[in-house]
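All chains are named by letter (A, B, ...) in the order of the sequence lines, taking the proteins before the strands, and each is independently numbered beginning at 1.
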Amino acid sequence: MEKRAVFKSWWLPVLFALPQLVLILLFFYWPVAAVVNWAFTLEPPFGGAAEFVGFANFKEALSDPFYWNSVVVSLIFATVGPFFCIFIGLTLALAVDRQLPGSGFFRFFYILPFAIAGPAAGMAFRFILSPERGLAASINALSPDLWNPAKYGSHALALVIIIFIWKWSGYTFIFLLAGLQSVPRALGEAAAMDGAGPFRRAIDVQVPLLAPTLFFLLVTMMTEGFVGADTFGIVHSVTGGGPNHGTEVMVYRIVDEAFQGLNYSGASAQSIILIGLIMVFTFIQFRFIEKRVHYK
Amino acid sequence: MIQRTPYADAFTYAIMVIGFLLLLGPFLVVLAGASQTMPQVNAVPFSFLPQGEFMKNASAAWARADLGTAMTNSLIMAALVTAGKVALSACTAFAIVFFRTPLKHVFFWSVFITLMLPLEVRVVPTYAVAADLFQPIKSILGFFGLEIGIEWNLLNSYAGLTLPLIATATGTFLYRQFFMTLPDELAEAARMDGSGSVRFFFDMLLPLSRTNMLALTTIMFVYGWNQYLWPLLMVTDPSYKTLMMSLLALLPSDNGIPDWNVTLAGSLIIMAPPVIVVAVLQRWFVRGLVSSEK
Amino acid sequence: MADIQIRAVRKSYGKTPTLHGIDLSFDSGEFVVILGPSGCGKSTLLRMIAGLEDITAGEIAIDGRVVNKLEPRERGCAMVFQNYALYPHMTVAGNIGYALKVAGVAKAERERRIAETAKIVGLQDYLERRPAALSGGQRQRVAMARAIIREPKVFLFDEPLSNLDAKLRVTMRAEIRKLHQRLSATSVFVTHDQVEAMTLADRLVVMNRGHVEQVGRPLDIYHRPASTFVASFIGAPAMNLFTTRIEVETATVRLDGAAIAIDPLVAHALRGREVIVGIRPEQCRLTTEGKGLPARIDFVEELGVGRVIHCEIAGEAFAAAVAEDADVSAGDTVWLSLPPEQLHFFDAETGRRIEFPLPGTDIAAARGSASTTQHTGVLS
Ligand SMILES: Nc1ncnc2c1ncn2[C@@H]1O[C@H](COP(=O)(O)OP(=O)(O)O)[C@@H](O)[C@H]1O
Ligand SMILES: [Mg+2]
């Protein structure tokens, strides 16, 4: 139910909300409007007013094979990454939720990677998974270049996805554990009375009840994979989009196109497509997945 | 519940230990590498044993990437983002929850929408606004054929580093959630006692929100500290550099010596503050994360 | 002290009307209880007096001054809420003294008054505690103290006792009553509990579905309920009610196979009308076999001070209160007499009470026509 709003002044709420609204207007709504504007106009190279060019910027973007490459890279990144994040988070949450002695210790550490910035984690992994050292060196000893992210785009993509998974598994873990803990204990006990062992209980009782949380995480993580700050940060600091455009995710390409290529109109058109894509994803997820989700 | 499930328990521990190794392993590698000498860090196979070289490596990293200045700037930036967020979003949530005005829905939705589109997809025009704060007004006036000559550039300033990051919804929703759980009668009792809305905000809401503020502080500190793209664009003056921007400067140069021990020591310095915050205030951090989502 | 006038007050939430024109007038110093089932609009009315809710139409005056547009703090009312609404982050002293702090009363004076008020409600030893560390009864006292300290013209109580256990409720009831005698400010007390209402009220207002059903002294309402709603809402067990028709010739009402004698005057007045007849369980008497109304007992409720027989008559549940030593048990058939002067009559359509004599009745003629056919007893 709506809260009974208590105070009646009309100007006080405006005054209270104003600081944040002004900031949002300046740094959110105006820029978003500008993105839309730029996507449909083109600024002549040597000054002068921007001209309306309809969908020309979109056509140009869509006819660029590198653009399509970035779409494919982003799709892989934003499906594989979230899948593993949720899988790992769920497995660990189910384990910790059994509340065996010592599980508090593990829980404490599982959350820590999430505190690290994507680029900083990237720096560590550049060392950990570099082809010349440690684990990877032993693999490459079998046959040269079995693992070489500096040379192969697919290896580099795997590397950035691994970093993403490493960082974000703790996040899904937090939410899934919170979700599990809100499942009434009595349910598990009832299932135990029905003779279900721990595994059966996990599959039959706990996971179905987690459906809303899983659904929420799916939407959040995929959005994060497509446009999250870490997605950009990891790619920028680890591979710079390479080798050979192999890790050029859509956000990276947009920023690169704008600030290296100085092609604001093209970047804006790509932004609009990305925004549209996210909305479609969110819509599909709400429409088709939410139906099979059991809310309380 | 009394249960004897030795196999399931053993399996559970196995999973927890594997998870521990996967998630903590990279930390251990960084810790070990940061405390080794250059030959040790490049040895195959890699030794996970920490050595005694950390301070030396750290000071080398400190000098190489000028981490002192960057550390100060990162601290200032994270503190400003946190303080701004904690203060402003409390005010907005108050306006949204406690007033009987049709505007509250306008406020709510205009703040809510900002969750949808992260900085990365609107970064160019946001940068343009930061480069000239009055650009929106100028454009609107320009539309009517007017021109004004004022300009206010936020590039290379703390305001420019932080204000656009404060303009998002996270904290507002955390407060809103909390305010919604307060019984209506609390505000009514205060009103009967003669307190007006502003007084209610300061006497009741703020003291009651202390735990939520702590939760918000932890997540906003981590958020502010870990900003990467925005400082990269905003800052050209080295005296405003943040730690995240120094990361790439820590890398061993391509044809130079592979002194990864120094790089790792530097990365460790950069990673440490948010990790410490999350480790010490984990309860609040988790609470902030969970309750700032819808 | 102040009197309260409520004139043609209406309240709608959006398009849904909640109160349909309330007219009430409370005297200065009176203890008024508003009684009604939950959802009937009691709280809404109280909150309009307090200034927490807008008045859709009509006006409310306190002490002769129309307060429709005044802020709560300008009305001189104090309120005790059902969930107490204590400030969780303040100590007991902080809670009690908050109104004075807002009003800018100096610290020393404030502390003196806090101590004084705490003593009245017996909280002097708990001043430094937080509400979370208090029992339900103590929290209730803090809420009361918070109201008392302001020395308001009007006390408003919104079901303040319903979160307490039964025993504490009785104690607090007595304390509230004592407090009222001591402070003698006008008090308006809302409750859905009829025992609470009967014991506390100088004057009782019974509400139902946004209407006032009856206003009066508790005993008057008990003895002369103005409608079937009031009749069944007040008194426990509830009044027995039957829809039936009067037989003028025999001056009886028929129930099942039995006929109950009524006053011939009444019978005459009500001839041809469909009515609802009511009798309170405490007015039914056990009588000897063959007299009155036969009833087979379904079960017997033991109250200690007496017993209540539950049975079924004319397809309706029927209760009768009997002495605790009455020899009754489930399965028995007993004979009940229903004294004619204890019967209540209500219009079957409107449910309103029918008062006697009806206006325009020719009493002599009525007596004449009725006396010829006076019979009582069971028709075989
Ligand atoms: N803020 C509100 N918005 C809409 N309807 C309300 C509101 N408050 C109360 N009502 C409705 O008004 C009616 C009377 O409520 P209330 O005065 O609280 O009853 P009660 O007699 O139980 O105290 C109820 O049907 C309730 O649903
Ligand atoms: Mg009520």
Could you pull out every donor-acceptor pair under 3.5 Å between side chains of residues 192-200 of chain B and any protein atom, sequence neighbours left out?
| unit_1 | atom_1 | unit_2 | atom_2 | d |
| --- | --- | --- | --- | --- |
| B:Asp193 | OD2 | C:Tyr87 | OH | 2.7 |
| B:Ser195 | OG | B:Phe200 | N | 3.4 |
| B:Arg199 | NE | B:Asp203 | OD2 | 3.0 |

Could you list the donor-acceptor pairs under 3.5 angstrom formed by side chains in residues 45-57 of chain C, with sequence neighbours left out?
| unit_1 | atom_1 | unit_2 | atom_2 | d |
| --- | --- | --- | --- | --- |
| C:Arg47 | NE | C:Glu53 | OE1 | 3.0 |
| C:Arg47 | NH1 | B:Glu188 | OE1 | 2.6 |
| C:Arg47 | NH1 | B:Glu188 | OE2 | 2.9 |
| C:Arg47 | NH2 | B:Glu188 | OE2 | 2.8 |
| C:Arg47 | NH2 | C:Glu53 | OE1 | 2.9 |
| C:Glu53 | OE1 | C:Tyr13 | OH | 3.4 |
| C:Asp54 | OD1 | A:Lys8 | NZ | 2.9 |
| C:Asp54 | OD2 | B:Arg100 | NH1 | 3.3 |
| C:Thr56 | OG1 | C:Ser12 | N | 3.0 |

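In terms of the side chain to side chain contact (heavy atoms under 4.5 Å, CB included) criterion, residue partners of C:Arg129 (sequence neighbours excluded) are, by chain and number, C:Val92, C:Tyr126, C:Ala133, C:Leu134.
Heavy atoms of B:Ala190 lying under 4.5 Å from chain C belong to its backbone as well as its side chain. Using a 4.5 Å cut-off between heavy atoms, C:Glu71 touches chain B through its side chain atoms alone. Only the backbone of C:Leu86 comes within contact range of chain B, with heavy atoms under 4.5 Å apart.
In this structure the side chain of C:His89 reaches within 4.5 angstrom of the side chain of B:Met204, judged on heavy atoms.
The stretch residues 269-278 of chain B places none of its residues near chain C, where near means some heavy atom under 4.5 Å from a heavy atom of that chain.
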